[in-house]
There are 2 protein chains.
Amino acid sequence: MSPSRSNKRPVIQPEPIARIGTAERTRAEILDAAFEFLWSRPFRDMTVNVLMAMIPQGRTAFYKYFDDIHGVMAEMLKRLEAEILEGASAWLSDDGDPVALLYKSLAAEVQIGYRYGPFIKAVSDAAGTNAEVEDEWNWLLDRFDDAVSERIAADQELGLIEAFDPGPVATALNRVDAAMYIRQFGHRPRSRPQPVVDAITRVWISTLYGQRWATSRRSTLVRE
Amino acid sequence: MSPSRSNKRPVIQPEPIARIGTAERTRAEILDAAFEFLWSRPFRDMTVNVLMAMIPQGRTAFYKYFDDIHGVMAEMLKRLEAEILEGASAWLSDDGDPVALLYKSLAAEVQIGYRYGPFIKAVSDAAGTNAEVEDEWNWLLDRFDDAVSERIAADQELGLIEAFDPGPVATALNRVDAAMYIRQFGHRPRSRPQPVVDAITRVWISTLYGQRWATSRRSTLVRE
DNA sequence: TGACGCGGTGACATGGTGTCACTAGAGTGT
DNA sequence: ACACTCTAGTGACACCATGTCACCGCGTCA
């Protein structure tokens with residue numbers, strides 16, 4: 001889609017830029033500085049000092065817009081969440097060949113993970129240092145768990161997936177994705193995405209639909 | 001095998017207590033205070049202040065034994081590493097039915113993960129706040145990746161596992177484990193371990209040896 | 001014109017950190 | 001018994017990021 005040239009920091013342009021006053025602009029500047037900073041440096045080095053040194057305003061102006069540095073990360077998480085939810089859902093909602101849809105969904109998700117890798121890692125790190133960010137982050141992951149779990153249960157009903165408790169398996173599979181993004185795309189230079197797609201799809205498809213579908217990308221598990 | 005009564009903090013008794021001078025005892029006290037603290041509270045709340053308030057010595061005595069709070073976590077990681085490596089390796093090294101061995105190894109690993117869950121989460125959090133701990137932690141995980149990768153390659157040679165690039169898959173599978181321990185056992189009360197064992201073994205076995213072995217715990221993939 | 005509100009600032013108090021010069025006391029050699 | 005040394009531990013201090021607060025300049029609007 002729009003911002004995807006490979007090695008440039010992706011610009012997250014959120015809500016349609018509606019009539020910004022000075023305040024909104026400054027808030028956006030802070031957030032933008034955070035994105036810029038985290039694109040090349042770890043969260044642990046990001047302080048209010050260093051962030052506000054990147055924009056014209058003095059340090060204390062920061063507190064007009066955020067409670068603390070974790071407030072910035074909470075906002076960043078929200079923006080990432082929007083991006084993630086947008087691209088992630090073919091397999092979860094669409095009808096059709098589940099293996100093909102799953103492959104497509106995972107490939108799309110990995111692209112998101114690749115594009116925002118450093119930010120995802122930053123949010124994950126921030127979750128370790130602040131209870132609220134941790135809660136938000138876990139809440140997002142849990143929502144994915146639930147959605148995946150439901151989809152598994154539905155396909156179990158249809159006999160497409162073996163009978164087993166879908167909850168923990170959904171959690172496990174989702175954790176693969178998150179951990180791989182952080183590990184492979186969390187700092188630059190990032191790994192190439194294709195091997196990650198291959199590994200993740202192999203794990204998901206083998207676990208859910210069986211190994212024989214894991215290699216070929218176009219499946220015939222269900223004829224449409 | 002020794003300390004496993006379920007809801008008590010496991011005592012990691014490291015090197016056989018050899019002729020401890022005052023210094024070694026104090027160092028051990030600090031470390032022990034860290035374990036005690038992290039058993040019930042998150043890493044982000046652990047400061048030098050709070051740690052040294054738990055033992056008779058004053059705060060600055062801390063710096064005789066560790067560079068900073070991350071030095072404590074590095075030491076904790078070393079101890080955990082010893083525990084982890086001890087129980088983890090049946091599948092990696094033993095001969096015999098690979099599915100049965102893998103199941104056994106994973107079940108043993110999950111027990112470790114369960115027992116030390118809060119500490120594992122603490123180390124993982126600490127890795128987010130300090131480059132050295134992060135490097136150590138990643139190095140440990142990478143060693144697992146390499147070992148698993150080798151084992152996969154070996155079984156691919158034997159035709160027991162499909163041909164695919166084993167590296168990223170090994171990484172993905174190992175991340176499942178780590179992420180599940182942190183998620184399910186990272187804070188108390190911890191989840192029950194059995195569903196975690198079930199989910200993890202399902203993912204691993206389905207991915208490596210095929211779904212048909214994932215349900216029964218005693219496999220006949222290879223006759224001994 | 002004057003009051004108000006908003007974006008922004010400098011000064012300050014707080015709290016954790018890490019260092020350093022120092023001390024008390026135990027051990028050692030003479 | 002005496003001096004020397006080493007070691008565990010300490011209090012005072014400087015540092016730094018944080019977060020708050022009173023205040024200010026300026027544009028808006030009655």
Side-chain angles (χ1 to χ4, degrees), chain A residues 15 17-34 36-38 41-76 122-123 125-134, chain B residues 15 17-34 36-38 41-76 122-123 125-134:
Chain A
E15 301 94 44
I17 314 165
R19 178 171 287 314
I20 43 179
T22 315
E24 288 312 309
R25 189 182 308 114
T26 302
R27 193 183 145 93
E29 275 179 341
I30 295 174
L31 223 21
D32 200 58
E36 186 176 336
F37 183 90
L38 293 174
R41 304 190 42 173
F43 169 72
R44 59 174 161 266
D45 292 343
M46 189 175 83
T47 67
V48 175
N49 275 322
V50 80
L51 223 47
M52 296 307 280
M54 296 171 68
I55 67 172
Q57 284 74 9
R59 184 181 63 84
T60 57
F62 176 89
Y63 297 96
K64 282 281 195 290
Y65 302 98
F66 300 96
D67 285 345
D68 53 30
I69 203 72
H70 299 104
V72 178
M73 297 311 291
E75 180 65 32
M76 181 172 292
V123 168
D125 288 345
T129 69
N130 179 264
E132 275 130 57
V133 176
E134 185 173 31
Chain B
E15 301 93 45
I17 314 165
R19 178 172 289 312
I20 42 179
T22 315
E24 288 312 309
R25 189 182 308 113
T26 301
R27 191 182 147 92
E29 276 179 340
I30 294 174
L31 223 21
D32 201 60
E36 186 176 336
F37 183 90
L38 293 175
R41 304 190 43 174
F43 169 72
R44 58 174 160 267
D45 293 342
M46 189 175 82
T47 67
V48 174
N49 276 323
V50 81
L51 223 47
M52 296 307 280
M54 297 171 70
I55 67 173
Q57 284 74 10
R59 184 181 63 85
T60 57
F62 175 89
Y63 297 97
K64 281 280 195 292
Y65 302 98
F66 299 96
D67 285 345
D68 53 29
I69 203 72
H70 299 102
V72 178
M73 297 311 292
E75 181 64 34
M76 179 171 293
V123 169
D125 287 345
T129 69
N130 179 265
E132 275 129 56
V133 176
E134 185 173 31

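Quick note on labels: first sequence line is chain A, next is B, and so on, each numbered from 1. Excluded from the calculations below are hydrogen atoms, water molecules and symmetry mates; all remaining heavy atoms, backbone and side chain alike, are included.
For the pair B:M52 CE and D:dA8 P, the interatomic distance rounds to 13 Å; values are reported in whole Å. When rounded to the nearest whole Å, the span between CG of A:N49 and P of D:dA17 equals 5 Å. In this structure, the CZ atom of A:R59 is 13 Å from the C1' atom of C:dG8, given to the nearest Å. Between the C1' atom of C:dT17 and the CZ atom of B:F66 lies a distance of 17 Å, rounded to the nearest Å. Following rounding to the nearest Å, B:Y63 (OH) and D:dC13 (C1') show an atom-to-atom distance of 14 Å. Between B:D67 atom CG and C:dT17 atom P the separation is 14 Å, expressed in whole Å. Taking atom CE of residue B:M46 and atom P of nucleotide C:dT17, one finds them 10 Å apart after rounding to whole Å. Rounding to whole angstrom units, CD1 of residue B:I69 and P of C:dG15 are separated by 19 Å.
Neither OP1 nor OP2 of D:dC16 sits under 4.0 Å from any side-chain N or O of A:T47. The shortest distance between the side-chain N/O atoms of A:T26 and the OP1/OP2 oxygens of C:dG8 is below 4.0 Å. Look at B:Y65 and you won't find any side-chain N or O under 4.0 angstrom from OP1 or OP2 of D:dA8.
Residues A:K64 and B:Q57 each lie close to DNA chain D; by heavy-atom proximity, the contact nearer the 5' end of the strand is made by B:Q57. Between B:P56 and A:F62, the residue anchored nearer the 5' end of DNA chain D, judged by the nucleotide with its closest heavy atom, is B:P56.
Taking only side-chain atoms of A:A61, from C-beta outward, the nucleotide of D:dA17, D:dG11, C:dT9 with the closest atom is C:dT9. Between D:dA12, C:dA11, D:dT18, one nucleotide has an atom nearer to the side chain of A:T60 than all others, and that is C:dA11.
Checked by atom type and distance alone, the side chain of A:D67 never pairs as donor or acceptor with a backbone atom of A:H70 at under 3.5 Å. Remark: side-chain polar atoms of B:R44 are paired, donor with acceptor, to backbone N or O of A:G128 under 3.5 angstrom. B:R27 places a side-chain N or O within 3.5 Å of a backbone atom of B:Y65 that can act as its donor or acceptor partner.
By the 4.5 Å heavy-atom criterion applied to side chains, B:Q57 and B:T26 are counted as neighbours.
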Q | Evaluation steps, side-chain contact (heavy atoms from CB on, under 4.5 Å), between A:D68 and A:V48 | A | CA-CA 8 Å; A:D68 53 30; A:V48 175; 6.0 Å; no

